[in-house]
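Here the structure comes first, spelled out in structure tokens, and everything after it is commentary.
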Amino acid sequence: MKPVLGRILEGIEKEGRQVYVVTPAVEDCEEMDLHSAESIYEGMSSVLKDRCTIGLLHGKMKAEQKEGVMAAFAAGEIQILVSTTVIEVGIDVSNATMMVIYDAHRFGLSTLHQLRGRCARGTLQGECYLLSSSKTPQARERLSALERIDDGFELARLDLQLRGPGDLLGTRQSGLPAFILGDASTDLKMMEICARDAQEILDHPEDMQNHNMLRAIEKANAKSAYLD
């Protein structure tokens, strides 16, 4: 962070820019080694209090608090905004042309693409710095893709291939799904047909043929799970 910090201060003090600092967590967690918005805010406030104004924004704050912080940032009263991904969409501050993202490997490529778009809304060239302690080849490949790809759809497809889709009907955001047949990352046409079939079943709940088909599929899945 030290070389990046020098560039950030240069951008603020010499070029009049504002900066987003994004973290994956609101507060510290003993189970996970993550930088949190609260700890980064406290650290920056202590070290930089005589050089710039710093604000904090995250989803656990009350609506009026969040609105107040964003209004101050938009007005230029806050120079560094430490935040979680609540700034991912709907935020437009043209003077905020610099961004630092901690633990960047923890985010999906689509999220990183959306975030960096926040610092590319002014006349100055936007600058986005991805900080990561991960040494895994996959993490390096994913983050390096952001250097050469600026198409959000292409990044989403790459992330799907590298991380897996997770549970489409569950809570996992990455990894291989528990499909008996098919691969959600490569069989996109099949997934489109499945989506249309599912919508047709929802649109026609009175069709008993659809219900019978679903029961047959459910029995087949249960039998396969038992055999496994």
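We number each residue from 1, following the sequence as shown.
The backbone N or O of F107 sits nowhere less than 3.5 Å from a side-chain atom of T111 that would complete a donor-acceptor pair. Of the possible polar contacts, none joining the D92 side chain to the R121 backbone as a donor-acceptor pair under 3.5 Å is found. Between the side chain of R51 and the main chain of E13, no donor-acceptor pair closer than 3.5 Å is present. Looking only at distances, a side-chain donor or acceptor of S39 sits under 3.5 Å from a matching main-chain atom of S36.
Rounding to the nearest 0.5 angstrom, the gap separating the CG atom in L155 from the NE2 atom in H113 is 6.0 Å. With rounding to the nearest 0.5 angstrom, the CE atom of M44 is 8.0 Å from the SG atom of C52. Residue L130 holds its CG atom at 12.0 Å from NE2 of H105, rounded to the nearest 0.5 Å. Here CD1 of I8 is found 6.0 Å from CE of M98. Values are rounded to the nearest 0.5 Å.
Under the 4.0 Å criterion applied to side-chain N and carboxylate O atoms, E15 and R17 are assigned as salt-bridge partners. With respect to E88 and R118, no salt bridge is recorded, no charged nitrogen being found less than 4.0 Å from a carboxylate O.
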Candidate pair R157 and E154, rule salt bridge (Lys or Arg N to Asp or Glu O under 4.0 Å), full reasoning
CA-CA 5 Å; R157 285 193 293 270; E154 186 176 348; 5.3 Å; no
Please step through side chain to side chain contact (heavy atoms under 4.5 Å, CB included) for the pair I91 and Y20, ending with a clear verdict.
CA-CA 11 Å; I91 304 299; Y20 295 104; 3.4 Å; yes
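For the side-chain contact (heavy atoms from CB on, under 4.5 Å) test with V19, the passing option among I12, V82, I78 is I12; the others fail.
Counting heavy atoms from C-beta outward, L57 and M70 have side chains that approach closer than 4.5 Å. Taking 4.5 Å as the limit, some side-chain heavy atom of L9 sits within range of a side-chain heavy atom of L5.
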